[in-house]
Amino acid sequence: MRNTAKITTAVLAAGALTFGLTACGSSDSDSASADTSGPLVVAASPVPHAEILTYVKDNLAKDAGLDLEVKEFTDYVTPNTATEDGSVGANYFQNQPYLDDFNKKNGTHIVPVVTVHLEPLGLYSNKVKSADDLKSGATIAVPNDSVNEARALKLLDANGIITLKDGVGNEATPADITKNPKNLKFKELEAAQTPRSLDDVDAAVINGNYAIEADLKPAENALVLESATDNPYGNFLAVKEGSEDDPRVKKLAKLLTSPEVKKFIEDKYAGSVIASF
């Protein structure tokens, strides 16, 4: 039986409140995070992260002596706050630019352990068949968190749809666009909402995990797709600083970068998720 707890949006809000109460310092949280005798609880986005972890749990963990529990979260905030306050022992959902931005803005102390895969960001549409078909004044939905919005705009820039200011980094916004030949408009939405916007906008830039959840196939359906070459947005297993040497974390890191997991990713996702090891 799949041992996965699905967390609803309402519960996520409660989790965020819990973080606010514990961030001031709690010896209970500290001791809980230091206890390595119980199962390793890992917070993860449902697709593909929780699916990959569940494969590890069902097929590899027992032989490695790892008791693994997977908790699914549908947002990009609570997995980090839950890791920081010790509610979970690790998380698997994010990339380095996002984590750097999150730690800076929230005063958290999350660190990467091992990079597992890349989910290419893509531009999708229910209304046009190619990016060239976008009409003047078309509306493009983009994620509203700073890192993923910048990533979305850089995707459009790399494909000649817009031009960004030279040297713009991971905080790029539409204000940094220097050339916009189609006079595109941008609608900023929570990343999880971008697939649902496809009937309301002309196109949307969608994170790979949310695209897959929406039955989109990035390798087939994207109008334009990120290149995997030298891509800084690989997703990794992460923990609160100080937990890197937890033997459970080390076991999971080794399993997540095993040949068995690489084959699982290749077979299940057919290029929509790419192993990074």
Side-chain angles (χ1 to χ4, degrees), residues 1-8 11-12 15-16 18-19 22 29-96 98-99 102-103 108-119 207-209 212-213 234-258 260-262 264-265 268-269 273 275-277:
M1 179 179 292
R2 181 173 173 176
N3 185 14
T4 303
K6 294 192 175 181
I7 310 301
T8 64
V11 175
L12 297 182
T18 299
F19 170 69
T22 59
S29 293
D30 292 341
S31 61
S33 63
D35 180 9
T36 63
S37 62
L40 178 63
V41 183
V42 184
S45 297
V47 179
H49 310 78
E51 291 180 343
I52 294 170
L53 288 168
T54 299
Y55 170 80
V56 170
K57 174 180 172 58
D58 292 345
N59 296 278
L60 305 175
K62 183 177 180 181
D63 287 345
L66 175 64
D67 187 1
L68 179 62
E69 182 180 338
V70 184
K71 283 191 174 183
E72 294 185 7
F73 291 82
T74 58
D75 73 323
Y76 283 168
V77 175
T78 319
N80 275 337
T81 58
T83 304
E84 178 76 11
D85 71 23
S87 300
V88 300
N91 67 56
Y92 174 34
F93 78 99
Q94 65 192 319
N95 57 57
Q96 191 68 58
Y98 180 83
L99 176 59
F102 190 95
N103 279 336
T108 46
H109 309 84
I110 313 300
V111 295
V113 176
V114 65
T115 301
V116 181
H117 76 268
L118 171 72
E119 302 160 23
N207 291 76
N209 60 312
I212 297 167
E213 284 184 46
N235 284 202
F236 45 67
L237 179 69
V239 297
K240 185 175 182 180
E241 187 175 9
S243 297
E244 301 95 315
D245 292 329
D246 183 327
R248 301 169 303 170
V249 171
K250 287 186 172 183
K251 287 178 182 178
L252 180 57
K254 184 175 181 179
L255 294 177
L256 282 172
T257 53
S258 65
E260 293 88 346
V261 167
K262 186 171 186 177
F264 173 78
I265 291 172
K268 184 171 182 64
Y269 301 110
V273 177
S276 299
F277 55 92

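One-based numbering along the sequence shown. Hydrogens, waters and symmetry mates are skipped; everything else that's a heavy atom, side chains included, is used.
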*Taking the side chain from D75 and the backbone from V77, do they hold a donor-acceptor pair closer than 3.5 Å?*
yes

*With side chain to side chain contact (heavy atoms under 4.5 Å, CB included) as the test, would you mind laying out the steps for F93 and N235 before giving the verdict?*
CA-CA 6 Å; F93 78 99; N235 284 202; 5.6 Å; no

_Looking at every heavy atom in both V273 and H117, which two are closest together, and how far apart are they?_
CG1-CD2, 3.4 Å

_Which atom of G38 lies closest to which atom of R248, heavy atoms considered_ = O-NH1, 3.0 Å

*Which heavy atom in V113 sits nearest to a heavy atom in A253, and how many Å separate them?*
CG1-CB, 4.0 Å

*Roughly how far, to the nearest 0.5 Å, is CD1 of I265 from CD1 of I52?*
4.0 Å

*Start with the C-alpha gap between E51 and Y269, add the side-chain angles, then the distance that decides, and say whether side chain to side chain contact (heavy atoms under 4.5 Å, CB included) holds.*
CA-CA 11 Å; E51 291 180 343; Y269 301 110; 2.5 Å; yes

*For residues Q94 and N80, is any side-chain donor paired with an opposing acceptor at under 3.5 Å?*
yes

*Kindly indicate whether the side chain of H109, heavy atoms from C-beta on, has any atom under 4.5 Å from the side chain of N103.*
no

*State, with a plain yes or no, whether a side-chain heavy atom of T115 is found less than 4.5 Å away from one of T257.*
no

_Is there a side chain to side chain contact (heavy atoms under 4.5 Å, CB included) between Y76 and Y98? Walk through the geometry before answering._
CA-CA 9 Å; Y76 283 168; Y98 180 83; 3.4 Å; yes

*Parallel, tilted or perpendicular: which describes the rings of H49 and Y92, with under 30° parallel and over 60° perpendicular?*
perpendicular

*Residues D246, V239; criterion side chain to side chain contact (heavy atoms under 4.5 Å, CB included); working and verdict*: CA-CA 10 Å; D246 183 327; V239 297; over 6 Å; no

_Would you say that E244 contacts V111 through its side chain, given a criterion of any heavy-atom pair below 4.5 Å between the two side chains?_
yes

*asked:* Ignoring hydrogens, what is the shortest heavy-atom contact between K57 and L68? Give both atom names and the distance.
replied: NZ-O, 3.0 Å

*asked:* Within this structure, what is the CD-OG1 distance for the pair E241 and T108, rounded to the nearest 0.5 Å?
replied: 10.5 Å

*Enter the distance from E69:CD to L40:CG here, rounded to the nearest 0.5 Å.*
9.5 Å

_So which atom in K251 and which in G65 form the shortest heavy-atom distance, rounded to 0.1 Å?_
NZ-O, 3.1 Å

_Working to the nearest 0.5 angstrom, can you tell me the gap between K268 NZ and I212 CD1?_
9.5 Å

*asked:* Strictly distance-based, threshold 3.5 Å: is any side-chain N or O of K240 a donor or acceptor partner for the main-chain N or O of E84?
replied: yes

*asked:* Any non-hydrogen side-chain atom of V42 less than 4.5 Å from a side-chain atom of L237?
replied: yes

*Kindly compute the distance separating CG (L256) from OH (Y55), expressed to the nearest 0.5 Å.*
11.5 Å

*Hey, could you give me the CG/CG distance between L255 and L60, rounded to the nearest 0.5 Å?*
5.5 Å

_With heavy-atom distances below 4.5 Å as the criterion, would you say the side chains of L99 and F236 are in contact?_
yes

*If you look at every heavy atom in V70 and A50, which pair is closest and at what distance?*
CG1-CB, 4.0 Å

